[in-house]
Amino acid sequence: MDGKMFARLGLVIVLAVAITAEAVHRAREDLSAATRPSPRTGTEMPRTDPMRGKLRRCQELGEAATRDAECLAAWQENRRRFLAPSEGR
């Protein structure tokens, strides 16, 4: 084989590697875009749950929360909401 044949073979190999690398890059880019959360528009108001604040307070109380009437009521309401059948979903 002469030098021109080696040059052509080398060029084909380099092109094949470049095309494969680009295909892998695009596939990963599409996958990461699909798993990325959509940006917020700024007009949406985050929903706040008053129960969350009560449960956070009970968590901070630690063991004393087992004797606190408000915490016991909050836990009971949280269990009811969590275990209740879905309403219209």
Side-chain angles (χ1 to χ4, degrees):
M1 284 205 233
D2 59 342
K4 285 185 179 181
M5 186 61 135
F6 282 123
R8 287 180 184 161
L9 182 61
L11 181 62
V12 168
I13 291 172
V14 168
L15 285 175
V17 169
I19 291 171
T20 303
E22 180 65 20
V24 168
H25 176 71
R26 287 184 186 257
R28 286 185 180 171
E29 195 174 74
D30 291 343
L31 181 62
S32 68
T35 59
R36 201 175 306 140
S38 62
R40 288 186 167 215
T41 60
T43 59
E44 301 169 358
M45 293 295 293
R47 291 186 280 163
T48 57
D49 186 10
M51 181 63 68
R52 187 175 188 160
K54 292 177 185 178
L55 294 172
R56 174 79 60 184
R57 180 184 152 278
C58 295
Q59 181 182 18
E60 291 171 355
L61 284 176
E63 187 180 341
T66 61
R67 295 178 296 278
D68 186 49
E70 281 186 40
C71 289
L72 294 173
W75 289 332
Q76 183 177 11
E77 174 64 17
N78 192 43
R79 279 191 301 274
R80 185 196 64 76
R81 288 172 46 183
F82 182 74
L83 298 174
S86 61
E87 298 171 2
R89 286 189 223 171

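One is the number of the first residue; the rest follow in order along the sequence. All values reported here derive from a predicted model rather than from experimental measurement.
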*Are the charged groups of Asp49 and Arg81 less than 4.0 angstrom apart, N to O?*
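Salt bridge: yes.
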Please list every donor-acceptor pair under 3.5 Å in which a side-chain atom of residues 17-26 meets a protein atom from a residue at least two apart or in another chain.
from: Thr20; atom 1: OG1; to: Ala16; atom 2: O; distance (Å): 2.8
from: Glu22; atom 1: OE2; to: Arg26; atom 2: NE; distance (Å): 2.8
from: Glu22; atom 1: OE2; to: Arg26; atom 2: NH2; distance (Å): 3.4

*Partners of Glu77 by salt bridge (Lys or Arg N to Asp or Glu O under 4.0 Å), sequence neighbours excluded?*
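Expected list: Arg80.
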*With sequence neighbours excluded, residues passing salt bridge (Lys or Arg N to Asp or Glu O under 4.0 Å) with Arg57*: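 Only Asp68 meet the salt bridge (Lys or Arg N to Asp or Glu O under 4.0 Å) criterion with Arg57.
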*Could you identify which residues cluster with Met51, counting Ile, Leu, Val, Met, Phe, Trp and Tyr as linked when any side-chain heavy atoms lie under 4.5 Å apart, either directly or through a chain of such contacts?*
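Other cluster members: Leu55, Leu72, Trp75.
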*Leu11: hydrophobic cluster co-members (side-chain, 4.5 Å)*: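 Its cluster partners, ordered by chain and number, are Leu15.
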_Closest approach of Arg67 to Glu63 (non-hydrogen atoms, all atoms of both residues)_ =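 Closest approach of Arg67 to Glu63: NH1-O, 3.9 Å.
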*So which heavy atom on Cys58 is nearest to which on Ala65, and how close?*
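So the minimum-distance heavy-atom pair works out to O-CB, 3.4 Å.
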*Just how far is it from atom CG of Asn78 to atom SG of Cys71, taken to the nearest 0.5 Å?*
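The SG atom of Cys71 is 12.0 Å from CG of Asn78, to the nearest 0.5 Å.
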